[in-house]
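Convention: sequence-line order gives letters A, B, ...; per-chain numbering from 1. Everything numeric here is computed off the predicted structure, so don't read it as measured data.
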Amino acid sequence: MATSAVMSEVEETLQRIKSHKGVEGIIIMTQEGSILQSTLTEEQSKQHGALISSLTEKASLMISTLDPDDKLSFLRVRSQKKEIMIAPDNDFLMMVIQNPNVVE
Amino acid sequence: MSSELKAQRAKALEEKRKKLEEMRARRNQRSAGTKTSVSAVSASKSGNLDEYIDGLLNSAPPIAPIEPVVAAPVAPSTPVSTAPTTPSKKVSKIDLMNEKTVSFAPTTTTTAEPSPAVKQVETFTISTQTDDLDFPMEESQHSEESNQEIAPTIEMSMEQEETKDEEPTLLSEDQVQEKIASTSFSNFFISASKKVERLLGAPLLQDLLVDDTIYYNDQESKRDASTSTETKDSFISAQVRFSCEKWTKERDVTSLDWSPHHRGEVLLASYGSSSSSANSTAVKNLNHNTNSASLSRSKTEMTGADGLAILWNLTMPSRPEHVFTCGSPVLNAKFHPSEGSLVVGACYSGQMVVWDVRSGRLPVQRSLWNLLGGTSSSKSHVHPIVGLEGLDSGFVSAASDGTVNFWSLANLMEPAETVVVPGANFSSLTVAPESNTLLLGDENGSIHAVLPSTSGGSRSSKRSIVKIYDSEKDTESLGHYGNVTGLATKPALKTDKDNNTVAISKGFARGAHGLVLSCGVDWTTKLWAPAYSEKPLLNLLSHSYDYMSDVQWSPVHPSVFATASSNGTLGLWNLATSLDEPITGLQGLLLDKNDSNMDEPSHGVNRIKWSRDGRRIAAACSDTVYVLGMSDELWKPKGNEGAKVMNALRGRGLIEAEE
């Protein structure tokens, strides 16, 4: 029961995020790289997931090396076509891909 | 042959021992010199190989037992089998002991320079082989033990490496469910999605913050989705709707406050208990009468929690940043003036509650509340708190039974001072910031003023109570006929020190800054100058032939104010432009549009609140909060509007000319 409530909460939130302008996909995965939720196709998810988790690992390593008391909390990658937002946590990671150039 | 061999081995061992001692000595030196050997080890490339080996030997326990067992015969086959494995184990053991090296080692070896790793392993095997040759059973047991210790971790790290290299796996439905049900996931999910939504909503903030009326006028056609309608809305540059059906559905907004801490990005709204009536009355103090008739339970997940306060971030219109609940409907909520994480709420029950964003949904503190106690034992309110305002030293609250409590920030458990106005039934409260005079609206239309003690600020002296307007005695019927729903004074002047202080008479500032507005259920909004006269100067009746629910001065423009009507419209007035009509026209701005009929309002406007910089206004329609961006006309005063208003009032003979 609790699970389904959490599940619906999760889906609700994903839906809300997805309704934002230009959002192309959301992936939630564990730090080990297993994908929990994704709005992309399986192939895309795997590709993105692998790349993102290694990037996040590097970034987090960089932060903790510069200051051992610090911790990576958010990562924003802006390219010409896309903006990728990554919110990592101890065990999980959320990634949102947005096309910021979309006109309403 | 065997003796020869023994001698050889003994010789080799002797050499080895020397070497070891040498190494140990060097290691001791090094560890004494550099405590942060981690970086030294990891940074060591081929040049510092000795040091690296030192590091390895340092933490490898099997070294010790070598000496006592010099001559022990060992089957030649065993070392061969153990030799290649031990080094790798030892390496990983070191890694275990030195967490930092773990994180460093894979990156340096796998990506940039794979050579050091290879070399290290090679050298190690060669040098230890002689050792291992003579290792007795004891030692092999030892290594077995350590084997077992290490084994799981190796597997784990192996797994990790594997998953890193491989493509991410898609978990089975059960696994996903399990993960998602964990608390660590929900914690992560809440914070991560909030961060993302905050960023995705940033353009919204831009719409509301960056005011450029010309831009909006030019692009009017493009923006008709977010801005409401035609030309009369040129005062409003943007409109965003804040509601979360799950929490706020059918709950009337009872108060609004802008955060003093977050650059105007955070808005606090308090909500009453849910009502089933589709068309709730807009007047705050009346809508609670419908509660007893309401049988339907709220469809939200709350059980028994009737009070609700929500922190809205302007970037997230459909997601409350924080949700607070308590047992009684919240009639007023305010940000703590100095502690950014605290929110103070005043309840229908008469209780004051304090929420902390760091500690969850329920209040962290409730004021002492004694239903049975008389006024002597418990001074807290036992009636609905209809007004809550900030003072320099804390808060002041007014309850519907005619009591006014002063609270210090240090103690929100018990009021510091209580003033009782006999026979009064308060419905609204405001504070004149210059003099800290309280203005209280009565349910019968009277307006009371509570003047601060004049004797050098000593708290013990009584505050004097003045009835500015008495609806029962005053036969000329200039004041309000009924419930005074809103009172507004101007915010404190930001005068520089050398500027002379504002002249105060009768507890109110003279000049345009002492003007007071009131509104009531008699459809009117009235302008008062209590420093000059006890009668209302102007009787404003426009844009609404209905209950007026709130009135607010602009915090930055001396002659602009906004009125809210229960017919669903918002009026914007500029007294410097007209003393009789709102600048928004006779119709007012329709906020909450009915889905079926675009001209009919579906809900009245309950409350309005200007942002601290005067560039936005938050307006509550039933259960929905709208935030409107204002055009610069409304927040860029030309400088002389205050004097202009006073001149106009004098010109009409409403106030006597200054001597």
Side-chain angles (χ1 to χ4, degrees), chain A residues 2-7 9-10 12-14 16-17 19-23 26-38 42-43 45-54 57-58 60-61 64-65 68 73-74 76 83 85-96 98 100 103-104, chain B residues 38-39 42 99-100 103-104 106-107 111 156 159-204 222-223 225-226 244-246 301 315-319:
Chain A
T3 314
S4 66
V6 178
M7 207 58 194
E9 176 84 45
V10 169
E12 205 176 285
T13 308
L14 289 186
R16 198 169 54 231
I17 294 174
S19 68
H20 273 97
K21 197 171 70 177
V23 171
I26 309 155
I27 297 177
I28 298 175
M29 52 195 286
T30 64
Q31 286 290 20
E32 291 90 52
S34 334
I35 291 163
L36 294 178
Q37 294 278 304
S38 173
E42 192 175 323
E43 197 188 332
S45 308
K46 280 184 173 173
Q47 192 192 8
H48 280 97
L51 295 169
I52 289 301
S53 63
S54 67
E57 198 180 319
K58 281 228 177 63
S60 131
L61 183 66
S64 57
T65 311
S73 68
F74 204 83
R76 257 178 120 167
E83 165 141 17
M85 292 168 242
I86 303 159
D89 193 40
N90 291 333
D91 307 322
F92 303 98
L93 183 154
M94 178 190 278
M95 175 186 74
V96 174
Q98 189 196 17
V103 198
E104 25 193 321
Chain B
V38 181
S39 54
S42 57
E99 278 182 17
K100 299 240 166 104
S103 51
F104 267 102
T107 33
T111 56
M156 269 171 62
E159 270 174 16
Q160 271 180 1
E161 269 163 37
E162 274 167 28
T163 43
K164 269 172 212 162
D165 297 339
E166 274 179 18
E167 286 197 323
T169 48
L170 287 169
L171 295 178
S172 75
E173 194 61 31
D174 285 350
Q175 283 172 304
V176 169
Q177 293 277 341
E178 193 189 322
K179 289 269 187 195
I180 282 179
S182 68
T183 44
S184 65
F185 178 81
S186 54
N187 286 341
F188 148 77
F189 190 72
I190 288 167
S191 72
S193 61
K194 202 178 268 181
K195 282 177 197 164
V196 169
E197 284 189 69
R198 163 74 183 77
L199 280 180
L200 287 171
L204 206 62
K222 272 191 186 176
R223 302 197 50 84
S226 55
C244 171
E245 187 157 298
K246 191 171 169 189
E301 63 193 28
T315 58
M316 299 189 284
S318 54
R319 177 194 179 127

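- Within the model, atoms OG of B:Ser191 and CE of A:Met94 stand 8.5 Å from one another, a figure rounded to the nearest 0.5 Å.
- Residue contact with chain B, scored on non-hydrogen atoms closer than 4.5 Å, involves the side chain of A:Thr30 exclusively.
- If you take CZ on A:Arg16 and CD on B:Glu197, they are separated by 4.0 Å, rounding to the nearest 0.5 Å.
- Within the 4.5 angstrom heavy-atom criterion, atoms from both the backbone and the side chain of A:Phe92 approach chain B.
- Expressed to the nearest 0.5 Å, how far SG of B:Cys244 lies from CD of A:Glu12 amounts to 7.5 Å.
- Proximity to chain B (any heavy atom under 4.5 Å) is shown, for A:Glu83, by neither the backbone nor the side chain.
- Here A:Gln37 contributes atom CD and B:Phe189 contributes atom CZ; the two are 8.0 Å apart, rounded to the nearest 0.5 Å.
- With a threshold of 4.5 angstrom between heavy atoms, A:Ile28 approaches chain B through side-chain atoms but not through N, CA, C or O.
- Annotation: the span from B:Met316 atom CE to A:Ile17 atom CD1 amounts to 10.5 Å, rounded to 0.5 Å.
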task: Start with the C-alpha gap between A:Asp89 and B:Phe185, add the side-chain angles, then the distance that decides, and say whether side chain to side chain contact (heavy atoms under 4.5 Å, CB included) holds.
output: CA-CA 9 Å; A:Asp89 193 40; B:Phe185 178 81; over 6 Å; no
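- Across A:Ala87 and B:Lys195, no two heavy atoms sit closer than the pair CB-CD, 4.5 Å.
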